[in-house]
Engineer: 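What follows is a single structure, and I will ask about it in a moment.
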Amino acid sequence: MLDAARIRTDFPLLRQQENKHRIVYLDNAATTQKPQAVLDALANYYRTTNANVHRGAYDLAIRATEAYEAARSRVARFVNAWAPEGVVFTRGTTEAINLVAGSYGRANVRAGDTVVVTAMDHHSNLVPWQILCQEKGATIRMVEITEDGRLDLSDFGRALERRPKLVAFPYVSNALGTINPAAQLARLAHAAGAVVLVDGAQSTPHLRVDVQALDCDFYALSGHKMLGPMGSGALVAKPALLDAMPPYHGGGEMISRVWDDHSTYNQLPHKFEAGTPNVEGAVGLAAAIDYLEGIGLDRIAEHEVALAGAAIEQLSRIEGVTVYGPRDHRAGVVSFTYGDIHPHDIATILDQDGVCIRAGHHCTQPLMRRLNVAATARASFYVYNDRDDVTALTTALAKAGALFGYVPA
Ligand code: 7TS
């Protein structure tokens with residue numbers, strides 16, 4: 001186990017109380033808190049290095065550009081990207097997927113084509129493909145899940161028989177915690193002639209990721225879910241694919257030469273980074289990666305699996321609680337319902353004890369329909385959580401049970 005109590009002291013926000021209780025922050029799948037090292041990197045950037053990047057001839061602007069490009073290399077090393085120029089900074093996973101749909105998708109998907117997604121995809125890995133398919137007259141094929149919340153591999157195989165243009169899936173489900181066999185899925189999809197996009201929003205913070213070993217084509221990630229700043233993230237892609245893609249946004253920085261009626265475009269990755277980028281986001285994300293690697297991704301994964309296992313074990317002992325998702329080969333996300341208590345009520349009652357969890361559809365409405373629920377309550381763990389947090393969760397839940405007459409008060 002990690003020394004979570006020690007790690008917690010690195011996070012100023014976690015020193016504060018919520019509703020007069022020690023904060024028990026269990027909404028890490030939505031966003032994580034930020035360590036002092038990241039806050040310092042942001043302040044330091046503005047104190048010593050801030051200028052607009054890629055256009056200054058003076059030393060300060062050169063240093064800002066170097067900091068930004070060093071952050072790109074840091075992200076590239078972290079996920080073993082094909083090359084630093086295959087890392088395009090975005091606002092997060094959502095923008096990265098929209099970039100692929102809007103550029104690769106619009107250039108390559110035609111009427112009658114199929115795009116494969118899964119029933120456990122976050123809306124941000126579904127709606128961009130719906131928009132694309134509606135525009136092109138193409139079809140979405142959604143792969144079903146099994147009873148225990150895994151991808152149905154035989155249905156995946158059937159979907160591939162349509163020879164889809166593109167296959168998109170999450171490495172880790174934000175609502176079920178399922179870890180998908182991403183390398184195997186990518187291999188099968190490639191064999192069927194498809195290009196593969198992996199939604200890495202929930203995997204990058206929690207597992208050691210190697211995009212070359214996964215052998216996907218596109219990989220999307222969010223910095224704010226891995227201790228980095230809000231509005232930071234990246235699309236990691238095979239450079240040859242990016243090179244052949246048309247631009248996504250037009251504007252400054254993405255051009256080479258501009259004429260009255262047309263333009264030529266900059267080299268990678270700048271072709272996809274129109275306008276002034278989020279330099280502080282990139283610098284803060286690089287600091288977050290340093291912090292995470294200081295702990296070690298394998299240890300982080302092990303820690304979360306242990307906490308999720310303890311949570312599932314304790315929750316399952318409470319009569320009336322249903323825990324969703326697989327029991328093993330899963331990440332630190334635990335979705336549950338408690339009888340007919342509305343998940344929003346559960347979250348509100350838990351908040352009285354300082355326990356922050358998410359309630360709702362988790363941007364996975366097609367999945368919620370398959371689970372036959374409108375919403376679930378969801379606890380998600382990270383490096384600063386420990387077994388006391390699991391106990392705080394179940395103790396507060398018992399109070400909710402008492403309030404709604406499920407257990408004697
Ligand atoms: N994909 C998955 C699997 C996610 O969990 C999320 C965010 C996204 C994409 C979108 O990421 P963004 O950084 O661009 O917003 N998931 C959640 C969540 O589970 N609760 O709040 C946001």
Side-chain angles (χ1 to χ4, degrees), residues 25-34 75 79 88-102 117-130 142-143 145 149-151 168-180 182 185 196-207 209 214 216 218-236 248 278 281-282 284-285 288 304 308 324-325 330-336 343-344 347 356-368 371 373 375-382:
Y25 185 77
L26 298 177
D27 195 15
N28 294 288
T31 198
T32 61
Q33 301 305 336
K34 320 301 173 195
V75 174
V79 295
V88 176
F89 281 120
T90 63
R91 282 194 292 124
T93 301
T94 302
E95 191 182 37
I97 296 171
N98 276 278
L99 193 168
V100 178
V117 296
T118 77
M120 64 169 84
D121 268 297
H122 187 279
H123 295 163
S124 69
N125 202 21
L126 171 58
V127 181
W129 305 118
Q130 291 176 342
M142 189 171 274
V143 177
I145 54 165
R150 295 188 186 285
L151 219 52
F169 56 84
Y171 194 167
V172 171
S173 155
N174 70 312
L176 295 172
T178 316
I179 301 177
N180 287 313
L185 299 178
V196 175
L197 180 138
V198 176
D199 173 349
Q202 298 294 344
S203 46
T204 323
H206 308 287
L207 311 170
V209 170
L214 290 180
C216 55
F218 300 104
Y219 185 92
L221 64 91
S222 293
H224 70 96
K225 293 186 198 286
M226 47 189 280
L227 311 181
M230 289 296 201
S232 66
L235 171 68
V236 182
Y248 173 51
N278 180 5
L285 176 54
E304 288 176 23
Y324 299 89
R330 68 185 331 288
V333 172
V334 181
S335 262
F336 61 93
H344 282 138
C356 308
I357 61 158
R358 173 65 46 130
H361 53 64
H362 317 296
C363 298
T364 55
Q365 289 184 11
L367 175 66
M368 293 293 122
L371 299 178
V373 293
T376 70
R378 181 189 70 181
S380 51
F381 300 96
Y382 211 25

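Whatever order the structure lists ligands and atoms in, that order sets their numbers, starting from 1.
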Engineer: To the nearest 0.5 Å, tell me how far Met226 CE sits from Gln202 CD.
Structural biologist: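 Nearest 0.5 Å value for the CE-CD distance: 12.0 Å.
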Engineer: For ligand 1, list all ligand N or O to protein N or O distances below 3.5 Å, rounded to 0.1 Å.
Structural biologist:
from     : atom 1 : to     : atom 2 : distance (Å)
ligand 1 : 1 (N)  : Asp199 : OD1    : 3.2
ligand 1 : 1 (N)  : Asp199 : OD2    : 2.5
ligand 1 : 5 (O)  : Gln202 : NE2    : 2.7
ligand 1 : 13 (O) : Ser222 : OG     : 2.6
ligand 1 : 13 (O) : His224 : NE2    : 2.7
ligand 1 : 14 (O) : Thr93  : N      : 3.4
ligand 1 : 14 (O) : Thr94  : N      : 2.9
ligand 1 : 14 (O) : Thr94  : OG1    : 2.6
ligand 1 : 16 (N) : His122 : NE2    : 3.4
ligand 1 : 16 (N) : Lys225 : NZ     : 2.9
ligand 1 : 19 (O) : Asn174 : ND2    : 2.8
ligand 1 : 19 (O) : Arg378 : NH1    : 2.6
ligand 1 : 19 (O) : Arg378 : NH2    : 3.3
ligand 1 : 20 (N) : Arg378 : NH2    : 3.2

Engineer: Just verifying a value: how many Å separate Ile357 CD1 and Leu26 CG, rounded to the nearest 0.5 Å?
Structural biologist: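 Here the interatomic distance stands at 8.0 Å.
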Engineer: Looking only at side-chain N and O atoms, does Thr204 offer a donor or acceptor that is under 3.5 Å from a partner on Tyr219?
Structural biologist: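 Looking only at side-chain atoms, Thr204 and Tyr219 do form a donor-acceptor pair, the distance falling under 3.5 Å.
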Engineer: Out of Val236, Ile97, Leu99, Leu235, which residue meets the side chain to side chain contact (heavy atoms under 4.5 Å, CB included) rule with Phe218?
Structural biologist: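 With Phe218 as partner, side chain to side chain contact (heavy atoms under 4.5 Å, CB included) holds for just one option, Leu235.
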Engineer: Look at the rings of Tyr382 and His206 and say which category their plane angle falls in: under 30° parallel, 30 to 60° tilted, over 60° perpendicular.
Structural biologist: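 Correct class here is perpendicular.
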Engineer: Any side-chain to backbone donor/acceptor pair from Asn174 onto His362? Under 3.5 Å, distance only.
Structural biologist: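 Yes; at least one donor-acceptor contact below 3.5 Å.
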